[in-house]
**Q** 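First the structure, then my questions, so here it is.
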Amino acid sequence: MTVDIMWKKLPIKPIEVSLNKVLRCGQTFRWKNVNNTWSFTTQDRIVLLKQFEDHIQYSWIMLEGQPKDVPHSQLEKETTSFIEDYFNLEVNLESLYKNWIKADLLYKKKKTPFQKFPGIRILRQDPWETLISFICSSNNNVKRISKMCDSLVNEFGEYINEYEGIKYYSFPNFQSLAKPGVESKLRDLGFGYRAKYIYQTALKFLDNEKYPDITIEKLNDLRLQDYETAHDFLLQLTGVGPKVADCICLMALDKHDIVPIDTHVYQIAVRDYKFKGSKTMNKQVYHQIRVFFKEIFGPYAGWAQSVLFTSDLGDLNNGINKVEVIKGEEETIKVENKRGILRTL
DNA sequence: TTTAGACCTGCCCAG
DNA sequence: AGTGACAGGTCTAAC
């Protein structure tokens, strides 16, 4: 079945959003790059994005079997609303960068990462998806996390539709991840010990008797609560420690000033900002570094941190999300790996 | 209250 | 080609 795709324009420059960076720097693990078009699923559609020098083009493919009587203009409006919300577009990134560069040059003589890597912003992702994705992230690398998230939607999500011969599924809700047998299925899919964490966390959301406080409504409501409340709530969940909780606070719950401290950021603090602290990471050092970065970069310190992190990451082409569909006599799917070698699936 | 080990998997990269 | 360390940590069990 061929679907006509109509492209619309949004006047967004790369300096405000760099799709290649933002969608591959370890905030989200679910966007696929198919023939230079970025694709993602919400609960009811595939969203498509394409970046150009002075704008971004977008389109969408609705859930298969949707009633056709919804006006095109409404679907378009819904899609733009999603994009504006998801990319936090009301935040002017360019002006934030200007302040960060000023602050950063106090520590550096050369160019700062903010001059070298424009367009990196924090996304406003769905709290449940962010929670599960970052449970997967513990002691793990971006490539495998992406693969795991892909398995998760393909195995437990709802079918949405097809694009370029690839089937797309929605991110699974807590009910589908709390079903019996999910843990061992996740083990089979290569989740390792995180299989248990995901299943247990989903169970806590399901079991209202035992955990009346743990509901999706409360999780989503954390966007309106203060940081401590959100952080404490998240720590109740299995597989969520301080680092993962902070990632969720920053990337889903509007806590823009929160800097998640991992081994990477710790290195950056010591190496580039002459942070002096103990060699081992403990709760105190964790807090110290967070405050340290917040004092340098201000209320959007978490956003600044993601630029530093990305610049330190080096190679963003982690391979898993780059797909090239070549149409011939038979459709073949080729995946470009990190070294740029194509292998046929 | 604070601090080592164990924990799954896979892929990058020295010996 | 074949091992080993390591990857945006968390949990658990003892000091």
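Residue numbering restarts at 1 for every chain, and letters A, B, ... go by the order of the sequence lines.
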**Q** Can you check the distance between C:dA5 and B:dG5, where both ends of the measurement are the P atom (answer in whole Å)?
**A** 15 Å

**Q** Give every donor-acceptor pair under 3.5 Å between a side-chain atom in residues 152-160 of chain A and any protein atom, sequence neighbours left out.
**A**
unit_1	atom_1	unit_2	atom_2	d
A:Asn154	ND2	A:Asp150	O	3.1

**Q** If you take the centroid of each ring, where Trp contributes its six-membered ring, are A:Trp31 and A:Tyr86 closer together than 6.0 Å?
**A**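 Centroid separation for A:Tyr86 and A:Trp31: below 6.0 Å.
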
**Q** Would you mind listing every side chain to side chain donor-acceptor pair (under 3.5 Å) that reaches into residues 216-225 of chain A, with sequence neighbours excluded?
**A**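 Side chain to side chain donor-acceptor pair (under 3.5 Å) check on residues 216-225 of chain A returns A:Asp213-A:Lys218, A:Asp221-A:Gln225.
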
**Q** Once ring pair (Phe, Tyr, Trp, His ring centres under 6.0 Å) is applied, what residue pairs with a partner in residues 226-246 of chain A remain, sequence neighbours excluded?
**A** A:Tyr227-A:His231

**Q** Can you run through DNA chain C from 5' to 3' and write each base as (, ), [, ], | or . depending on how it pairs? Watson-Crick or G-U wobble, both distances under 3.5 Å.
**A** ...|.||.||||||.

**Q** Is NZ or CZ of A:Lys32 both nearer than 6.0 Å to the six-membered ring centre of A:Tyr163 and within 45° of the ring axis?
**A**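 No, A:Lys32 does not lie over the aromatic ring of A:Tyr163.
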
**Q** Summarise protein proximity over nucleotides 6-12 of chain C in one line of letters, 5' to 3': B for base, S for sugar-phosphate only, - for none, counting protein heavy atoms closer than 4.0 Å.
**A** -BBBBS-

**Q** List the steps and the verdict of ring-ring contact (aromatic ring centres under 6.0 Å, His included) for A:Tyr58 and A:Phe82.
**A** CA-CA 11 Å; A:Tyr58 70 96; A:Phe82 165 77; over 10 Å; no

**Q** Say you pick atom C1' in B:dG10 and the same atom in C:dC11; how far apart are they, in whole Å?
**A** 23 Å

**Q** Rounded to whole angstrom, note down the P distance from C:dT10 over to B:dC11.
**A**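 Nearest-Å result for C:dT10 against B:dC11 at atom P: 24 Å.
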
**Q** Can you tell me how far P in B:dA4 sits from the matching atom in C:dG8, rounded to whole Å?
**A** 23 Å

**Q** Test of understanding: with side chain to side chain contact (heavy atoms under 4.5 Å, CB included), list the residues that count as partners of A:Ser151, not counting sequence neighbours.
**A** A:Leu189, A:Phe191

